[in-house]
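Okay, structure first, notes after.
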Amino acid sequence: MEHRISRFTLDGVPGAEISVHPFSTEDELGLTLTRYRSADCDDVVLLVHGLTSSSDMFIMPEHHNLVSFLLDSGFGDVWTLDFRMSNRFPYNMETRRFTLDDIAAFDHPAAMAELRRHVGARRIHVIAHCLGSVSYMMSLFGGAVTGVTSMVANSVGLTPRVPAWARVKLRFGPPMLEYGLGLPYLDPRFAGAPPLSRRRLLARAVSLFHPECREPACHMQSFMWGSGRPAMYRHGNLAPETHLHERLADLNAAADVNYYRHINKMVRAGRAVKCDPGDPRLAALPDDYLADAGRIETPVLFLTGDHNDVFTDSNIVCHRVLAKRAPGRHELQVLPGYGHIDPLIGKNAHVDVFPRVLDFLKRHAG
């Protein structure tokens, strides 16, 4: 398949000093931090992707991306994390049955330890998206990571809420896919599978319900997440080079359906809770991640599009809950005309969204 934009390209951050820093988790997975450096800076920014995506969502060459924006705006030391949800690794297509608790317990603490090894005691600000945001907040509010100066959470935090159709998919999708179709993961590339294969037939069936565009990867992503035509973004917010089958599939690839089980449990509980409270490996984490929310001093900026068809008003609700426990500490920004992921990958995000993030970071920097 022809790629008009090379997969895993670094062309979106010209002029930066780039270095890659592999590290391992306590449960023996290899993960990666990538550093983009343009100048010495007392404030370090860590960017965390969501499920099916990767650090590539922050360095896209087809628009002024978040890494370049931060480097150009005085934050000269930016790091991106590829954790176990990243499509740069094979973990999403292996039958491992990971949960967000595994990420909160193992990935984020290991990433912070590796980051601290390089940056020392400097201030660290975190910008996280989707389930990267949920899992990082679980790690932060669960006490597994400390020393975070500020955090920006896009789309969802500790109170995941989804549309009614998404609730149905979360409840019945995993057993139907795993045991009915023999598919432990979903992939936007299913339309390119061999003819008459289960993957190809599923993609064709999904496309029948999505006449809004001609890109099968866009249709599959709407099937995988949320409820809408499309669900993950507003079409008009994407650059034409982004809304292409191969590019969409590169940016938001395969997802292990077992994560849906944990999300379903959280949605039904109305807050982030442990998937298996009896798992001894996770005994250090709380069963309810909101239990001690008031004592966490890290200020959080909650971002959400006003057309968020994946996690609806999750961040509005989370901000309201936390505002009662720690009045004045956290902030909320609702983005007009934006959806779930386009606040970070949209063609005009550097004009409409990134300056709001920058203002928050500057107010909490030295």
Side-chain angles (χ1 to χ4, degrees), residues 41-50 57-58 65-67 69-71 73-75 77-81 108 112 123-141 145-161 271-272 289-290 293-308 310-346 348-366:
C41 185
D42 291 333
D43 292 270
V44 175
V45 182
L46 173 65
L47 307 181
V48 182
H49 62 80
M57 67 178 290
F58 302 118
N65 58 69
L66 183 55
V67 169
F69 181 89
L70 292 169
L71 293 176
S73 302
F75 287 88
D77 198 356
V78 180
W79 296 67
T80 59
L81 169 64
H108 297 315
M112 289 295 288
R123 291 178 293 270
I124 295 177
H125 309 265
V126 176
I127 302 174
H129 167 66
C130 188
L131 297 186
S133 174
V134 177
S135 60
Y136 201 93
M137 289 194 72
M138 289 165 58
S139 202
L140 177 63
F141 282 71
V145 300
T146 58
V148 178
T149 300
S150 73
M151 179 175 177
V152 179
N154 183 59
S155 186
V156 60
L158 293 176
T159 57
R161 294 159 61 88
R271 62 195 185 282
Y289 289 93
L290 275 173
R295 68 176 180 82
I296 303 301
E297 297 182 355
T298 302
V300 179
L301 169 61
F302 292 96
L303 288 180
T304 185
D306 65 352
H307 291 83
N308 190 337
V310 176
F311 284 109
T312 62
D313 61 346
S314 297
N315 267 356
I316 297 173
V317 171
C318 194
H319 176 260
R320 185 164 62 236
V321 170
L322 292 182
K324 293 179 180 178
R325 305 191 186 191
R329 181 175 298 162
H330 308 292
E331 301 179 27
L332 170 69
Q333 290 269 357
V334 179
L335 307 168
Y338 278 85
H340 166 67
I341 194 173
D342 40 337
L344 296 174
I345 71 169
N348 293 320
H350 64 289
V351 175
D352 301 330
V353 182
F354 297 169
R356 300 177 185 232
V357 174
L358 180 65
D359 173 70
F360 177 79
L361 294 179
K362 284 185 173 180
R363 286 188 282 112
H364 294 284

Distance-only, no hydrogens or angles: does the [X] side chain make a donor-acceptor pair with backbone N or O of [Y] under 3.5 Å?
X: Ser155; Y: Cys130; result: no
X: Asn154; Y: Gly305; result: no
X: Asn348; Y: Val351; result: no

Under the side chain to side chain contact (heavy atoms under 4.5 Å, CB included) criterion, do Trp79 and Leu46 qualify, and how do the steps go? CA-CA 5 Å; Trp79 296 67; Leu46 173 65; 4.0 Å; yes
Determine whether Val357 and Gln333 make a side-chain contact, defined as any pair of heavy atoms from C-beta on separated by less than 4.5 Å. no
Can you find a heavy atom in the side chain of Phe58 that is under 4.5 Å from one in the side chain of His49? yes
In short, side chain to side chain donor-acceptor pair (under 3.5 Å) pairs touching residues 310-330 with sequence neighbours left out are Arg161-Asp313
Report the C-alpha separation of Tyr338 and Leu303 in whole Å, then their side-chain angles, then the decisive distance to 0.1 Å, and conclude whether the side chain to side chain contact (heavy atoms under 4.5 Å, CB included) test is met. CA-CA 10 Å; Tyr338 278 85; Leu303 288 180; over 6 Å; no
Among Leu66, Ile127, Leu70, whose side-chain contact (heavy atoms from CB on, under 4.5 Å) with Phe354 holds? Leu66
Please test Val126 against Val145 for side chain to side chain contact (heavy atoms under 4.5 Å, CB included), starting from the C-alpha separation and ending with a verdict. CA-CA 12 Å; Val126 176; Val145 300; over 6 Å; no
Identify the two heavy atoms, one from [X] and one from [Y], that lie closest to each other, and give their separation to 0.1 Å.
X: Pro160; Y: Phe311; value: CB-CE2, 4.3 Å
X: His108; Y: Ser135; value: NE2-OG, 3.0 Å
X: Asn308; Y: Val310; value: OD1-N, 3.1 Å
X: Gly157; Y: Met137; value: CA-SD, 3.6 Å
X: Leu290; Y: Val321; value: CD1-CG1, 4.3 Å
X: Met138; Y: Leu158; value: N-CD2, 3.9 Å

How would you list, by chain and number, every residue that makes a salt bridge (charged side-chain N to carboxylate O under 4.0 Å, His left out) with Asp359, sequence neighbours excluded? Arg363
Between [atom1] of [X] and [atom2] of [Y], what distance do you get to the nearest 0.5 Å?
X: Met151; Y: Phe302; atom1: CE; atom2: CZ; answer: 8.0 Å
X: Asn65; Y: Met57; atom1: CG; atom2: CE; answer: 11.0 Å
X: Leu335; Y: Asp352; atom1: CG; atom2: CG; answer: 8.5 Å

For residues 123-140, pull every pair meeting salt bridge (charged side-chain N to carboxylate O under 4.0 Å, His left out), keeping only residues two or more places apart or in separate chains. Asp43-Arg123
Evaluate the side chain to side chain contact (heavy atoms under 4.5 Å, CB included) criterion for residues Val78 and Leu47: first the C-alpha distance (whole Å), next the side-chain angles of each, then the deciding distance (0.1 Å), finally the verdict. CA-CA 8 Å; Val78 180; Leu47 307 181; 3.9 Å; yes
Ring centroid separation for Phe69 and His350, is it under 6.0 angstrom? no
